[in-house]
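Here's the structure we're looking at; comments come further down.
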Amino acid sequence: MSAQPPNPTEISPPLLEWFDRTGRAMPWRETRDPYRIWVSEVMLQQTQVTAVIPYYERFVRRFPSVQALAASTENEVLALWEGLGYYSRARNLHSAARRIVDDHDGLFPTDHAQVLALPGVGPYTAGAVLSIAYEQPLPAIDGNAERVLCRVFGIEGDARRGEARKTLRRLATEAVPARRPGDYNQALMELGSQVCLPDAPNCGSCPLATLCVAVRSNRQHVLPTPRQRPKLQRCYVAAAVLWRRGRVLVARRPSEGVWAGLWELPWMEAGSEIECPDALVPFLRDAFGLRAEGLAPIDHFSYGVMNTRYRAAVYETRHVRGRARPAQHEAVAWRSPTELEGLIMPAPHRRVARRLAR
DNA sequence: AACGCGGGGCA
DNA sequence: TGCCCAGCGTT
């Protein structure tokens, strides 16, 4: 009962027509400047459009050109990135800007291989920037576009691996039109995010419905084939708010690994639900050389990162003795809740800091 | 509170 | 190819 997949060249005309009619206005759609397109594409990685817009506007106002970005310090860039998360994106953006100035005369490269060689730029970002800014007919397959293509062409199997992956890439490449490839790529992603939704696709208003294998075989809900996902891990953490003269202890993480170089509250991981702060006391002694007493619970919340679900408990005390000396951190500091605003902190720690400032 | 998702670096 | 990185919007 398999419907015939469409010819890849049939996709772009109805899609572009739909995009011209319904495409949303976005600040980075007002420009053909490859630098701005690039900044927007990096910000849009794992972050939604509405969250990106204010960050994008602030960023290009502060750094209007690749030269301005390259001339700044990494810390300035991270400060503007604060709140967007996944800070390696900002570090890569900054280091790539320096490379563009040093090696490419300050012009965003037009050569595909040179673009792919920039830190933080992979197949998606390279295709997006080169197609949108330079009209190069390259595909830009993000998660939304992948879902649309799997449904339209009826691609079975995990599209990230094996035969399905090859098929997807071949058809995606053939489907990119020579004219308006950048608009086509944006249209495909926008269709995925606005119409071809994961759970409840709105096929009635989809410009590709008549071509779509999934629609014609009524398999919208089984395509794309779900990926195998590892089982969810659960973790427990306890964080400490240590007060001294109206300030709390924060520590700067090492420059490698998770949350590299960011400031955080003292915290530890535990194998099971933490019922009492007893485990924190020896931890604070070992990691900071501090003797804490009277830790009392003030907050708890949960957050997830990919495959792990964390349950966090926050304890505070004013009874801390000793001079803080970090064993695993690069630095420690005592900061008032207001001063914490100026530090770059990971999302869960920022949450606690904001609570202290209220 | 549970759930589901993404793109790039790197060995 | 498989792990690492380490957040948020939706339900």
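- In this structure, A:Y124 reaches the sugar-phosphate backbone alone: every heavy-atom distance under 4.0 Å involves primed, P, OP1 or OP2 atoms, never a base.
- Residue A:Q45 places its side chain closer to B:dG7 than to any other of B:dG9, C:dG2, B:dG7.
- The separation of C:dA6 from B:dG4, taken at their C1' atoms, amounts to 16 Å, rounded to a whole angstrom.
- Across the protein-nucleic acid pair, A:L44 atom CG and C:dC8 atom C1' stand 14 Å apart, rounded to whole Å.
- Counting any heavy atom pair closer than 4.0 Å across all strands shown, A:G83 reaches sugar-phosphate atoms only and no base atom.
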- Task: Given side-chain contact (heavy atoms from CB on, under 4.5 Å), test A:V213 with A:F153 step by step and report yes or no.
- Result: CA-CA 6 Å; A:V213 169; A:F153 292 114; 5.6 Å; no
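- No side-chain heavy atom of A:T9 sits under 4.5 Å from any side-chain heavy atom of A:P177.
- A:R227 places its CZ atom 12 Å from the P atom of B:dG4, with the value rounded to the nearest Å.
- Using a 4.0 Å heavy-atom cutoff across all strands shown, A:P119 reaches sugar-phosphate atoms only and no base atom.
- In this structure, A:E41 and A:Y124 have side chains that are in contact, with non-hydrogen atoms separated by less than 4.5 Å.
- Atom OH in A:Y310 sits about 17 Å away from atom C1' in B:dC3, given to the nearest Å.
- Looking at which nucleotide of DNA chain C each of A:R160 and A:W259 is closest to, the 5′-most match is held by A:R160.
- Remark: the A:Q186 side chain and the A:R29 side chain contain an N/O donor-acceptor pair separated by less than 3.5 Å.
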- List the steps, then state whether side-chain contact (heavy atoms from CB on, under 4.5 Å) holds for A:Q220 with A:N218. CA-CA 6 Å; A:Q220 301 94 311; A:N218 200 27; 3.2 Å; yes
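- Across the protein-nucleic acid pair, A:R354 atom CZ and C:dC8 atom C1' stand 13 Å apart, rounded to whole Å.
- Atom P of nucleotide B:dG7 and atom CZ of A:R169 are separated by 14 Å, given to the nearest angstrom.
- Note on A:R351: nothing from the nucleic acid sits closer than 4.0 angstrom, heavy atoms only.
- Rounding to whole angstrom units, CD of residue A:E146 and P of B:dG7 are separated by 8 Å.
- With 3.5 Å as the limit, one finds a donor-acceptor pair spanning the side chains of A:Q45 and A:T125.
- Summarising the geometry, the separation between CD on A:E41 and C1' on B:dG8 is reported as 14 Å, rounded to the nearest angstrom.
- In this model, the phosphate group of B:dG8 is approached by a side-chain N or O of A:T125 to a distance below 4.0 Å at OP1 or OP2.
- Across all strands, A:L118 comes closer than 4.0 Å only to sugar-phosphate atoms, never to a base (heavy-atom distances).
- Side-chain contact check for A:S95 versus A:L118: every heavy-atom pair is 4.5 Å or farther apart.
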Please list each protein N or O that sits under 3.5 Å from an N or O in nucleotides 9-11 of chain C, with the distance.
{"residue": "C:dG9", "atom": "O3'", "partner": "A:Q48", "partner atom": "OE1", "Å": "3.4"}

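- Rounded to whole angstrom, the span from the CZ atom of A:R311 across to the C1' atom of C:dA6 amounts to 19 Å.
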